[in-house]
A.B. asks: 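The following block contains the structure, expressed as structure tokens.
Any value given below was found using the heavy atoms of this structure, including those in side chains, with hydrogens, waters and symmetry copies removed. We count ligands from 1, going down the list as the structure has it; atoms in each ligand are counted the same way. Just so it is clear, the structure is predicted and the values come from calculations on it, not from any experiment.
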Amino acid sequence: MQIPLLDLKAQYKTCKDEIDRAIADVCDSQAFALGPAVTAFEENIAAYCRCKYAIGVSSGTDALLIGLMALEIAPGDEVITTPFTFFATAGCIARLGAKPVFADVDPSSYNIDPVAIERKITEKTKTILPVHLFGQVAQMKAITEIADRHNLNIVEDAAQAIGASRDGTKAGGFGDFGCFSFYPTKNLNAFGDGGLVVTNSEDLAEKLKILRNHGQNPIYFYRIIGGNFRLDSIQAAVLDVKLKYLDDWNEKRRQNAAIYDEILADSPITPPKIEQGNISIYHQYTITAPDRDNLKDFLTENGIGSAIFYPKPLHLQNCFKDLGYNEGDFPVAEKLCSEVLSLPVYPELTAEQAEHVAKTVLKFYEQN
Ligand SMILES: *Cc1c(COP(=O)(O)O)cnc(C)c1O
């Protein structure tokens, strides 16, 4: 049995006619840039995230960048974030000339540890940028309390967490901004790149709309320096179709995760821990595994896809060497990088396939 880490062709089959029609409608309209398809999608996704405003942008990376631009993050500022995340989280901070300041993560949720955040606050700190990694919302109550106490902004990197919630609040609805990615591997995915920012602030929403279109308002009069961060209408049309299926798809991921949880409960691996009050969307089902690299090879030999998110923490990446971090600075993140492995959990994965993956993991430890 061949089981990939993700099967986008299987997903396309489930909604092909609807998507093809939506794309054809945009082609007929020839309104490709910020047309009615974008506005319609923004309204639907704002309601879905239970936020007042949604602003479609060109990618998840640009969602983070434009959010930080709207908060006027600049050289001399510090933004606290996790070293155990995708590059773009910290890349956007550095691209604005500000300093990414890392704080270690919690070993069981993989998300930034609020206690570690508080220790990193200085008079230069402007913003906290938590990531809801692998589909589970970070400890936002504690993080919000810290932000309030120190008068800091919060930008949520919710690229992996659309539809996830904590204590009834959806990802993206805790901070000044919630930033989403629609990269093809994400739970809600476009036919190319796309992203979105949600906010409950009318002023910030207005600023984002101006920033994503070069800073112009009215046309050809530039109030501030923005860029081309527009979401394509074709992508919005595809996403609007898929949004209707998202809760269903996320539920199927949870069902597959439950199969893994049960079969792997007494095995040498540690399953992902979902904290009380959280509903995860299992963007990834990420275990920590002894002898991880050999387990990964064994799965590959057996036709099962898996991946290491992430093999190297950001504080040890060459591009951030000027920040002056060393090995040992964030022991939890460093240890996770040597132990984590993500297993296939996509919605179209059948229960039988999930059982087969879990039993193959068990087989590896029985033989070794
Ligand atoms: C995917 C991702 C991004 C970037 O999104 P793109 O759409 O690929 O630019 C940022 N942060 C995290 C945590 C991500 O997973």
A.B. asks: Parallel, tilted or perpendicular: which describes the rings of Tyr12 and Phe191, with under 30° parallel and over 60° perpendicular?
C.D. replies: perpendicular

A.B. asks: Does an N or O from Gly60, backbone or side chain, lie closer than 3.5 Å to an N or O of ligand 1?
C.D. replies: yes

A.B. asks: Any link between Ile308 and Phe364 through a network of hydrophobic side chains (Ile, Leu, Val, Met, Phe, Trp, Tyr) touching at under 4.5 Å?
C.D. replies: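 Both belong to a single hydrophobic cluster.
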
A.B. asks: Indicate whether the side chain of Lys273 and that of Gln136 have a donor and an acceptor atom separated by less than 3.5 Å.
C.D. replies: no

A.B. asks: Which protein non-hydrogen atom lies closest to atom 3 (C) of ligand 1, naming both residue and atom, and how far is it?
C.D. replies: Phe86 CD2, 3.6 Å

A.B. asks: Please state which part of Thr85 comes within less than 4.0 Å of ligand 1, counting heavy atoms only: side chain, backbone, both or neither.
C.D. replies: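 The part of Thr85 near ligand 1 is the side chain, not the backbone.
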
A.B. asks: Looking at OH of Tyr282 and CG of Leu343, how far apart are the two atoms once the value is rounded to the nearest 0.5 Å?
C.D. replies: 12.0 Å

A.B. asks: Do His315 and Glu327 have side-chain N/O donor and acceptor atoms under 3.5 Å apart?
C.D. replies: no

A.B. asks: Using the ring of each side chain (for Trp, its six-membered ring), is Phe102 parallel, tilted or perpendicular to Tyr325, with breaks at 30° and 60°?
C.D. replies: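 The arrangement is tilted - the two ring planes meet at 30° to 60°.
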
A.B. asks: Nearest protein heavy atom to atom 9 (O) of ligand 1, by residue and atom, and its distance?
C.D. replies: Thr61 OG1, 2.5 Å

A.B. asks: Side chains of Thr169 and Asp167: donor-acceptor distance under 3.5 Å anywhere?
C.D. replies: no

A.B. asks: Nearest protein heavy atom to atom 1 (C) of ligand 1, by residue and atom, and its distance?
C.D. replies: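 For this ligand atom, the closest protein heavy atom is Lys186 NZ, 1.5 Å.
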
A.B. asks: Can you pull out the closest protein heavy atom to atom 13 (C) of ligand 1? Residue, atom name and distance to 0.1 Å, please.
C.D. replies: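 Nearest neighbour among protein heavy atoms for atom 13 (C) of ligand 1, to 0.1 Å: Asp157 OD2, 3.4 Å.
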
A.B. asks: Using a 4.0 Å cut-off to any heavy atom of Thr89, which atoms of ligand 1 qualify?
C.D. replies: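 Checking each atom against Thr89, I get 11 (N).
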
A.B. asks: Below 3.5 angstrom, do we get any N/O pair linking Ser181 and ligand 1?
C.D. replies: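 Ser181 vs ligand 1: N/O contact under 3.5 Å present.
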
A.B. asks: Considering only non-hydrogen protein atoms, determine which one is nearest to atom 15 (O) of ligand 1 and report residue, atom name and distance to 0.1 Å.
C.D. replies: Gln160 NE2, 2.8 Å

A.B. asks: Counting from 1, what ligand 1 atoms have a heavy atom of Ala159 closer than 4.0 Å?
C.D. replies: 2 (C), 3 (C), 10 (C), 11 (N), 12 (C), 14 (C), 15 (O)

